Amino acid sequence: MMMQKLRRSGEFIRFGCKSLITSRPNKNSVSRSVSGFVNHYKSKGKLFEPSDGNYYNTELHHPCISRNLGMLLQKYKCFGSSAVSLIQRNPLFSSLDSKDVSYFKEILGEKNVIEDKERLETANTDWMHKYKGSSKLMLLPKNTQEVSQILEYCDSRRLAVVPQGGNTGLVGGSVPVFDEVIINVGLMNKVLAFDEVSGVLVCEAGCILENLATFLDTKGFIMPLDLGAKGSCHIGGNVSTNAGGLRLIRYGSLHGTVLGLEAVTANGNVLDMLGTLRKDNTGYDLKHLFIGSEGSLGIVTKVSILTQPKLSSVNLAFIACKDYLSCQKLLVEAKRNLGEILSAFEFLDNNSMDLVLNHLDGVRNPVSSSENFYILIETTGSDETNDREKLEAFLLKSLEKGLVSDGVIAQDINQASSFWRIREGITEALQKAGAVYKYDLSLPVEEIYNIVNDLRGRLGDLANVMGYGHLGDGNLHLNISAAEYNDKLLGLIEPYVYEWTSKHRGSISAEHGLGVMKANEIFYSKSPETVALMASIKKLLDPKGILNPYKVLPHSLFSH
Ligand code: FAD
Ligand code: MLT
Ligand code: ZN
């Protein structure tokens with residue numbers, strides 16, 4: 001194995017000589033680590049009681065919206081595992097009875113109507129073990145027709161439902177708040193068509209992202225999105241959350257790559273919008289309503305998505321930087337110098353690195369000494385020699401300019417996987433470390449690390465504050481890790497983080513959605529008029545409010 005070492009004031013960059021054919025781990029990287037976390041979890045829940053009793057902050061939000069929409073305001077409790085008391089169950093919803101269960105068994109067959117306690121326990125609990133519902137029933141439809149029949153019936157009975165995919169969501173959107181019926185589309189997992197000329201893939205919503213990637217690999221294509229939860233999350237869940245992930249910088253968001261979809265609305269209507277065309281300007285492009293609406297407007301049953309040719313040369317560099325300004329400058333330089341081959345620009349700070357090293361087995365820091373920040377730069381192109389030389393030259397130049405203090409290019413797939421494991425493993429390490437308050441912010445790149453520093457100052461020894469994320473997309477994952485959930489800590493974090501973000505014209509949800517966690521916080525990022533229009537659209541498509549209640553929009557809007 002040939003290694004090229006470049007030294008500069010005692011620091012070095014190691015350049016491997018082999019380009020990588022593919023660089024991401026192919027394993028299911030979302031193994032639910034139930035042990036540890038549950039034991040640590042002694043949550044009193046997460047409590048935010050606005051001083052005036054209103055769900056909005058009066059400095060930031062227009063009070064008129066609440067009057068216009070006739071909202072009566074409740075205390076907000078975004079709970080941990082047990083406390084749901086401050087969100088009230090909508091009394092207009094029916095409760096499940098034995099006739100309902102019999103009806104579902106008639107249309108789905110006994111085995112796809114789940115009443116088993118253990119399976120329900122899992123389906124009622126989110127990936128972080130932070131949100132927990134008490135549904136007594138999970139339905140597993142096998143096709144669109146069955147989804148339609150289920151919804152038509154639930155709508156007529158006013159039974160609330162929660163659509164569920166791989167249940168890897170991080171904002172409590174995929175689990176019931178109370179007794180909503182869970183509709184999991186996991187059995188709808190067929191690839192329906194693949195066009196090798198256009199690269200358009202048509203599949204059912206329950207296909208696991210990694211399975212689609214494996215299928216495409218045999219055809220010489222890749223999915224336009226990739227995320228740490230790929231081994232469990234569904235494409236329908238990805239579309240419904242408008243998941244971003246690690247490749248967005250190169251291939252754009254799902255609003256661009258999803259060419260069509262099929263969705264079933266609350267009354268059972270099947271909307272066939274499963275186009276496969278790049279261009280189609282015939283009227284309103286309604287598929288966009290379902291991309292990112294977190295199951296609040298309909299259940300996505302099929303997806304048509306533009307995939308990308310798999311290119312022969314993938315390189316991955318793991319780089320250390322001494323300060324955030326250098327990371328920022330490196331991003332600007334990477335866009336300018338690696339432009340057409342840049343396929344990921346991810347970052348983590350030293351606290352995140354330490355957490356991964358402490359909580360995940362077999363992980364080590366690829367660079368020799370610990371630094372304040374680490375960057376992963378991936379390039380994807382079609383010219384092995386040129387692409388690698390380009391990346392090496394870029395790193396050398398960055399080293400000379402003092403932007404980089406150390407770095408290494410992966411020399412084979414295993415090394416690349418081990419680099420990705422560090423970045424992709426942070427979520428799992430956080431889960432193992434105890435309680436975690438997660439924030440997913442879009443901010444101007446120059447502001448991104450200021451909020452991390454501010455919060456560190458604010459919280460002192462109370463918690464460990466971490467910053468990582470998709471720097472190339474201006475997306476910070478601000479995570480606060482503590483031994484256990486506690487209200488004092490939460491009171492110091494919220495609404496501070498939301499106010500800070502709003503003041504800098506950022507978004508309080510870059511890619512994870514609002515779920516139940518941030519349904520009441522939407523006004524920090526959207527105007528009252530916009531939210532009012534969203535509520536009208538919701539009421540038009542789901543007049544009885546049965547689809548994923550208490551999520552996305554302030555739940556008090558729909559409680560009467
Ligand atoms: P679920 O969690 O089951 O559901 C998420 C939401 O979508 C819920 O509101 C649910 O009601 C709705 N929904 C699910 N399926 C449907 C459907 N068929 N029709 C209508 N509504 C539906 N997210 C990112 O954006 N980028 C990342 O890089 C990323 N990395 C992650 C890494 C880890 C380790 C984990 C645990 C999560 C990560 N996530 C990330 C969050 C999560 O994986 C994504 O939001 C993902 O898209 C959720 O897909 P899912 O199938 O698990 O959906
Ligand atoms: C990530 O980028 O790692 C995911 O969005 C998950 C997280 O925020 O922890
Ligand atoms: Zn992310």
Side-chain angles (χ1 to χ4, degrees), residues 28-33 123 126-128 131 141 144 147 151 161-176 180 182-186 188 204-209 225-248 253-254 261-265 290-303 344 346-348 352 356 420 422-431 436 438-442 466-471 473 475-479 509-517 519 547-552:
N28 176 353
S29 29
V30 186
S31 51
R32 274 177 157 241
S33 27
D126 80 312
W127 191 87
M128 295 177 296
Y131 304 95
T144 305
V147 174
L151 285 181
V161 304
V162 52
Q164 189 173 80
N167 197 10
T168 65
L170 298 171
V171 289
S174 55
V175 291
E180 298 89 271
I182 301 165
I183 304 178
N184 188 305
V185 296
M188 298 172 62
E204 291 183 313
C207 290
I208 289 175
L209 180 61
L225 81 158
D226 185 16
L227 42 141
K230 59 183 153 288
S232 302
C233 64
H234 296 178
I235 190 68
N238 300 149
V239 169
S240 303
T241 52
N242 188 23
L246 308 160
R247 284 187 185 146
L248 189 136
S253 95
L254 291 172
L261 53 80
E262 179 187 81
V264 185
T265 53
F290 296 87
I291 302 173
S293 55
E294 303 177 60
S296 63
L297 298 180
I299 297 193
V300 175
T301 44
K302 290 179 188 143
V303 174
E346 296 287 315
F347 96 114
L348 56 142
S352 310
V356 168
W420 276 119
I422 296 168
R423 169 62 188 86
E424 293 186 321
I426 302 170
T427 319
E428 192 183 327
L430 279 160
Q431 195 214 42
V436 57
K438 292 185 81 70
Y439 301 90
D440 161 40
L441 313 173
S442 267
M466 267 144 295
Y468 60 94
H470 316 286
L471 195 63
D473 312 322
N475 181 183
L476 168 73
H477 294 313
L478 170 67
N479 281 246
S509 173
E511 59 171 9
H512 294 164
L514 295 166
V516 70
M517 176 190 175
L547 278 166
N548 224 0
Y550 326 104
K551 319 280 174 65
V552 186

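As the structure is a computational prediction, the values presented were derived from the model and not from experiment. In each ligand, atom 1 is the first atom listed, and ligand 1 is the first ligand listed.
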Peer 1: Parallel, tilted or perpendicular, judged at 30° and 60°: which one describes the rings of His477 and His470?
Peer 2: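 Judged by the thresholds at 30° and 60°, the geometry between His477 and His470 is perpendicular.
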Peer 1: Within a strict 4.5 Å, meaning less than it, do heavy atoms of the Thr144 and Met188 side chains meet?
Peer 2: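 A side-chain contact under 4.5 Å exists here.
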Peer 1: Where does Thr427 meet ligand 1, judged by heavy-atom distances below 4.0 Å: at the side chain, the backbone, both, or neither?
Peer 2: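 Side chain only.
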Peer 1: For ligand 1, does Lys551 get within less than 4.0 Å through its side chain, its backbone, both, or neither, judged by non-hydrogen atoms?
Peer 2: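 No part of Lys551 is near ligand 1 at this cut-off.
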Peer 1: Any atoms of ligand 1 less than 4.0 Å from a non-hydrogen atom of Ala243? List them with their elements.
Peer 2: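 Those atoms are 25 (O), 47 (O).
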Peer 1: Spell out, as yes or no, whether a donor-acceptor pair under 3.5 Å connects the side chain of Ser232 to the backbone of Ala229.
Peer 2: no
Peer 1: Between Lys438 and Met517, what is the shortest heavy-atom contact and its length?
Peer 2: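 The pair with the smallest heavy-atom distance is O-CE, 2.9 Å.
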Peer 1: Is Met128 close enough to touch ligand 1? Criterion: a residue heavy atom under 4.0 Å from a ligand atom.
Peer 2: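 Contact check Met128 vs ligand 1: negative.
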Peer 1: Which ligand 1 atoms, with their elements, are less than 4.0 angstrom from a heavy-atom of Thr241?
Peer 2: 5 (C), 6 (C), 7 (O), 45 (O), 46 (C), 47 (O)
Peer 1: For ligand 1, which atoms sit closer than 4.0 Å to a heavy atom of Glu294?
Peer 2: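 Per the distance check, 9 (O), 11 (O), 12 (C).
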Peer 1: With a 4.0 Å heavy-atom cut-off, what residues sit around ligand 2?
Peer 2: Leu170, Arg423, Thr427, Lys438, Tyr468, His470, His477, Glu511, His512
Peer 1: Could you check which of Ala510, Gly244, Gly173 puts a non-hydrogen atom nearest to atom 25 (O) of ligand 1?
Peer 2: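 Heavy atom nearest to atom 25 (O) of ligand 1 belongs to Gly244.
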Peer 1: Is the backbone of Ser174 close enough, under 3.5 Å, to the side chain of Gln164 for a donor and an acceptor to pair up by distance?
Peer 2: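 Yes, the answer is positive, given that a donor and an acceptor are paired below the 3.5 Å cut-off.
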Peer 1: Give the atoms of ligand 1, by number and element, whose distance to some non-hydrogen atom of His512 is under 4.0 Å.
Peer 2: 23 (N), 24 (C)
Peer 1: So, does Thr301 use its side chain to make a donor-acceptor pair with the main chain of Glu262 at under 3.5 Å?
Peer 2: yes
Peer 1: Taking non-hydrogen atoms only, is Glu424 closer than 4.0 angstrom to ligand 1 via side chain, backbone, both or neither?
Peer 2: neither
Peer 1: Counting only N and O atoms by type, is there a donor-acceptor contact under 3.5 Å from the side chain of Asp440 to the main-chain atoms of Glu511?
Peer 2: yes
Peer 1: For Val552 and Ser293, what are the C-alpha separation, side-chain angles and deciding distance, and is it a side-chain contact (heavy atoms from CB on, under 4.5 Å)?
Peer 2: CA-CA 7 Å; Val552 186; Ser293 55; over 6 Å; no
Peer 1: One residue to check: Val185. Relative to ligand 1, which of side chain, backbone, both or neither has a non-hydrogen atom less than 4.0 Å away?
Peer 2: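 Under 4.0 Å from ligand 1, Val185 contributes side-chain atoms alone.
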Peer 1: Measure Leu170 to ligand 1 on non-hydrogen atoms and call it side chain, backbone, both or neither using the 4.0 Å cut-off.
Peer 2: side chain
Peer 1: Would Gly298 count as a contact of ligand 1 if the rule is a heavy atom under 4.0 Å away?
Peer 2: yes
Peer 1: Tell me the nearest of Cys207, Gly172, Ala229, Gly166 to atom 31 (C) of ligand 1, using heavy-atom distances.
Peer 2: Ala229
Peer 1: For Gly165, is there any backbone N or O sitting under 3.5 Å from a side-chain donor or acceptor partner on Asn184?
Peer 2: yes
Peer 1: Should Asp226 be counted as touching ligand 1, given the test is an N or O pair under 3.5 Å?
Peer 2: no
Peer 1: Is there a donor-acceptor pair closer than 3.5 Å between any side-chain N or O of Asn238 and the backbone N or O of Cys233?
Peer 2: no
Peer 1: Does His470 bring an N, O or S atom to within less than 2.8 Å of the Zn ion (ligand 3)?
Peer 2: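 Given the 2.8 Å cut-off, His470 counts as a ligand of the Zn ion (ligand 3).
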Peer 1: Ala205 to ligand 1: N or O pair under 3.5 Å?
Peer 2: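 For ligand 1, there is no N or O atom that lies under 3.5 Å from one belonging to Ala205.
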Peer 1: Has the side chain of Asp126 got a donor or acceptor atom that lies under 3.5 Å from a matching backbone atom of Asn167?
Peer 2: no
Peer 1: Residue-level breakdown please: for Asn548 versus ligand 1, do any non-hydrogen atoms fall below 4.0 Å on the side chain, on the backbone, on both, or on neither?
Peer 2: side chain
Peer 1: Specify which N/O/S atom of Glu511 comes nearest to the Zn ion (ligand 3), by atom name.
Peer 2: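 Within Glu511, restricted to N, O or S, the Zn ion (ligand 3) is closest to atom OE2.
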Peer 1: Out of all atoms in ligand 1, which are within 4.0 Å of some heavy atom of Gly295? Include the element for each.
Peer 2: 20 (C), 21 (N)
Peer 1: Can you tell if the side chain of Phe347 reaches within under 4.5 Å of the side chain of Leu476, non-hydrogen atoms only?
Peer 2: yes
Peer 1: If I apply the N/O under 3.5 Å rule, does Ser232 come out as touching ligand 1?
Peer 2: no
Peer 1: Would Asn167 count as being in polar contact with ligand 1, using the rule that some N or O on each side must be under 3.5 angstrom apart?
Peer 2: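 In this structure, Asn167 places an N or O atom under 3.5 Å from an N or O of ligand 1.
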Peer 1: State, to 0.1 Å, how close Gly467 and Ser352 come at their nearest heavy-atom pair, and which atoms those are.
Peer 2: O-OG, 3.4 Å
Peer 1: Answer yes or no: is there an ion pair linking Glu294 with Lys551, defined by an N-O contact shorter than 4.0 Å?
Peer 2: no
Peer 1: For ligand 1, which atoms, with element, lie under 4.0 Å from some heavy atom of Ile299?
Peer 2: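 Counting from 1, the qualifying ligand atoms are 19 (N), 20 (C).
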